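Chain letters run A, B, ... following the sequence lines, proteins first and then strands; every chain starts at 1. Being a predicted model, the structure only gives us computed values, none of them experimental.
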2 protein chains.
Amino acid sequence: MTATRPDTGRQAGPPARPGRARRGEGDRTREAILAAADHLLVASGSEEAVSVRAVADAVGLTPPTIYRHFEDKDHLLFEVCAVHFDRLDREVVAPVVATVADPVEALRRIAHDYVRFGLDDPEHYRIMFMGHAQHTPERYDDHQILSTGCFGSVIDVVSRAVDEGRLRAGEGGPTVLAFVLWSALHGLVATRVAKPNMPAPPVDLLVEAILDAFLHGVATDPT
Amino acid sequence: MTATRPDTGRQAGPPARPGRARRGEGDRTREAILAAADHLLVASGSEEAVSVRAVADAVGLTPPTIYRHFEDKDHLLFEVCAVHFDRLDREVVAPVVATVADPVEALRRIAHDYVRFGLDDPEHYRIMFMGHAQHTPERYDDHQILSTGCFGSVIDVVSRAVDEGRLRAGEGGPTVLAFVLWSALHGLVATRVAKPNMPAPPVDLLVEAILDAFLHGVATDPT
DNA sequence: TGTACATCAGTGAACGCGCGTTCACTGATGTAC
DNA sequence: TGTACATCAGTGAACGCGCGTTCACTGATGTAC
């Protein structure tokens, strides 16, 4: 999909990091640390398992080295997830926006892909959207969710749909509309992430039901 | 609202526990521990602050005593929240079901009250609905959310609305409908709980928007 | 009414653990002269 | 071409901490005879 770039996002096995980095090559170690933390997070399925020591071990470094590359543990963890905020935009939202002309159809596609994205690796989703605010470094705090290209793009799509007369914007305009749709999808994903064993209807059925309700409502009388 | 009962749910200050419990009165200590843990959770606003030692301190006991009353920390924590699962049913769902005849109006009321409930003390909500499955003692796991009186009652209300011809049940029937509505509300609350500082439209506006979308849809064409 | 005994709430001290982080350091690498 | 020096990635050892949990115990309370 994207051009060849260093594979920082998703990799299959634990990343290898040969010998000591040369003078200007500290960034390579930094990438290795990020990749190792990412792998650890996915492999363990638990944020708690990602300790500074464990990450250092996985990269083949000693713990103090981590602090040469990251301010502290929270920054490291969130930087891991920043990669996935990018991915969310690059892999889920942007392609649909670029290729699907019909805004309503675009929303449907984004909805399905968003849920898939969340369920594919739940621990990232948990940190990105469900983590304690106090663990979120300030500079990432609100911005990542709201002013990411991501959510902004969705609002744009909704606006387009409203402009083209496809959707009715209520009191709050397109932003509220986007929030409503996102809340439903987020509620769905968050539940699955938190309680994967909870018996529930199939995800795809629920996404469709959410979209249908969102678009057409479930009431019989149009009052 | 409810008859006079020992106030285990919400109290203003840290609970007092005078001297050693008499022979048959171990349960009083147990209640005191639960109340202290609850208070600590609310006061600190963080599950992490609720350690066995901190709870013991708050009650005026030594840590080992906790283990006479609770199997381990997870059980204690979740039992704290079990109180609030009860509250959710008793204070939010049941009163509305008992007093509001119109099922659609009942859903509206429950929606507002549910969101209020969640935002009133976020840390409980977090543990109840957003906590790691592995920290949830097995016997509470799925049951609390789904087969609580709570969610069951909501499904009942939705069923009634469908039976009375007020709502259209889609492919998945009332259960899916209830899930859709709950997902949207949960998504809203969960976001506020996780990122309280995130700029977002006012809650009440969003709840209304969710209800309107859920009931009437936002699409202009009825296709 | 008095005494021996069983019960059981609560204690004191410690277990081992892993955590995030800091410090003064080593030693390889590149650069300036 | 050779040497002194600055840079900087990475280390070893330790800091202090708070955690959940266990153990053998004390001592007050109720009960049986």
Side-chain angles (χ1 to χ4, degrees), chain A residues 15-37 40-41 43-44 46-80 127 131-132 134-138, chain B residues 15-37 40-41 43-80 127 131-132 134-137:
Chain A
R17 202 198 66 86
R20 176 202 185 99
R22 312 270 284 276
R23 268 290 270 291
E25 299 178 336
D27 281 358
R28 204 135 75 186
T29 305
R30 187 190 161 85
E31 292 303 316
I33 293 171
L34 280 173
L40 213 59
L41 194 58
S44 71
S46 160
E47 182 177 349
E48 294 169 33
V50 184
S51 64
V52 173
R53 281 171 163 86
V55 172
D57 260 13
V59 195
L61 295 170
T62 56
T65 308
I66 305 291
Y67 291 87
R68 180 170 301 279
H69 299 278
F70 297 91
E71 196 174 323
D72 57 23
K73 192 198 172 186
D74 284 338
H75 280 80
L76 166 58
L77 265 187
F78 207 86
E79 204 137 328
V80 167
I127 296 181
H132 235 120
Q134 77 190 86
H135 283 305
T136 309
E138 330 67 41
Chain B
R17 201 198 67 87
R20 176 204 186 97
R22 313 268 284 277
R23 268 288 271 290
E25 297 178 337
D27 281 358
R28 203 135 76 187
T29 305
R30 186 190 162 84
E31 292 303 315
I33 293 172
L34 279 173
L40 211 59
L41 194 58
S44 72
S46 159
E47 181 176 352
E48 294 168 32
V50 183
S51 65
V52 173
R53 280 172 164 87
V55 172
D57 260 13
V59 194
L61 295 170
T62 56
T65 309
I66 306 291
Y67 291 86
R68 179 170 303 280
H69 299 277
F70 298 91
E71 196 176 322
D72 58 24
K73 192 197 172 186
D74 285 337
H75 280 80
L76 166 58
L77 266 187
F78 208 85
E79 203 137 329
V80 167
I127 296 182
H132 234 118
Q134 76 191 86
H135 283 305
T136 310

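Side-chain contact between B:Tyr67 and B:Val52 is present, with heavy atoms from C-beta onward closer than 4.5 Å. In this structure, the side chains of A:Asp57 and A:Thr62 stay at 4.5 Å or more apart for every pair of heavy atoms. Between A:Ile127 and A:Val80 there is no side-chain heavy-atom pair separated by less than 4.5 Å.
One can place CG of B:Leu61 at 6 Å from P of C:dG10, the figure rounded to the nearest angstrom. For B:Glu48 and C:dG20, the CD to P distance is 12 Å, given to the nearest whole Å. For the pair B:Leu77 CG and D:dT21 P, the interatomic distance rounds to 11 Å; values are reported in whole Å. Distance CD (A:Glu71) to P (C:dT21): 10 Å, rounded to an integer number of Å. Between A:Tyr67 atom OH and C:dA24 atom P there is a gap of 17 Å when expressed in whole angstrom units. Remark: C1' of C:dG20 and NE2 of A:His75 are 15 Å apart, rounded to the nearest angstrom. Summarising the geometry, the separation between CD1 on B:Ile66 and P on C:dT11 is reported as 10 Å, rounded to the nearest angstrom. Per the geometry, CZ belonging to A:Phe70 stands 14 Å off C1' belonging to D:dA9, to the nearest Å.
With the 3.5 Å cutoff on both pairing distances, Watson-Crick and G-U pairs in DNA chain D assemble into runs of at least 3 at C:2-33 with D:2-33.
In this model, the phosphate group of C:dG18 is not approached by any side-chain N or O of A:Ser51 to a distance below 4.0 Å at OP1 or OP2. Between D:dA9 and A:His69, no contact under 4.0 Å exists linking OP1 or OP2 to a side-chain N or O.
In this structure, B:Gly45 and A:His132 approach most closely via the heavy-atom pair O-NE2, 3.6 Å. In terms of heavy atoms, B:Ala36 sits closest to B:Ala58 at CB-CB, 4.1 Å. When all heavy atoms of A:Lys73 and A:Ser51 are compared, the pair lying nearest together is CE-CA, 4.3 Å.
Checking B:Arg28, B:His69, B:Arg68 one by one against B:Ile33, the side chain to side chain contact (heavy atoms under 4.5 Å, CB included) holds for a single residue, B:His69.
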Sort me out a list of protein N/O and nucleotides 15-17 of chain C N/O pairs below 3.5 Å, or just none if empty.
none

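The side chain of A:Lys73 has C:dT21 as its nearest neighbour among C:dT21, C:dA9, C:dC23. Of the candidates C:dA9, C:dT11, D:dA13, D:dA13 carries the atom nearest the A:Pro64 side chain, counting heavy atoms from C-beta on. Of the candidate nucleotides D:dA9, C:dT21, C:dG10, D:dA9 has the atom lying nearest to any side-chain atom of A:Thr29.
If you check every strand for non-hydrogen atoms under 4.0 Å, A:Thr62 touches a base.
The residue among B:Thr65 and A:Ala49 whose nearest nucleotide of DNA chain C lies closer to the 5′ end is B:Thr65.
No donor-acceptor pair under 3.5 Å is formed between the side chain of B:Asp74 and the backbone N or O of B:Leu77.
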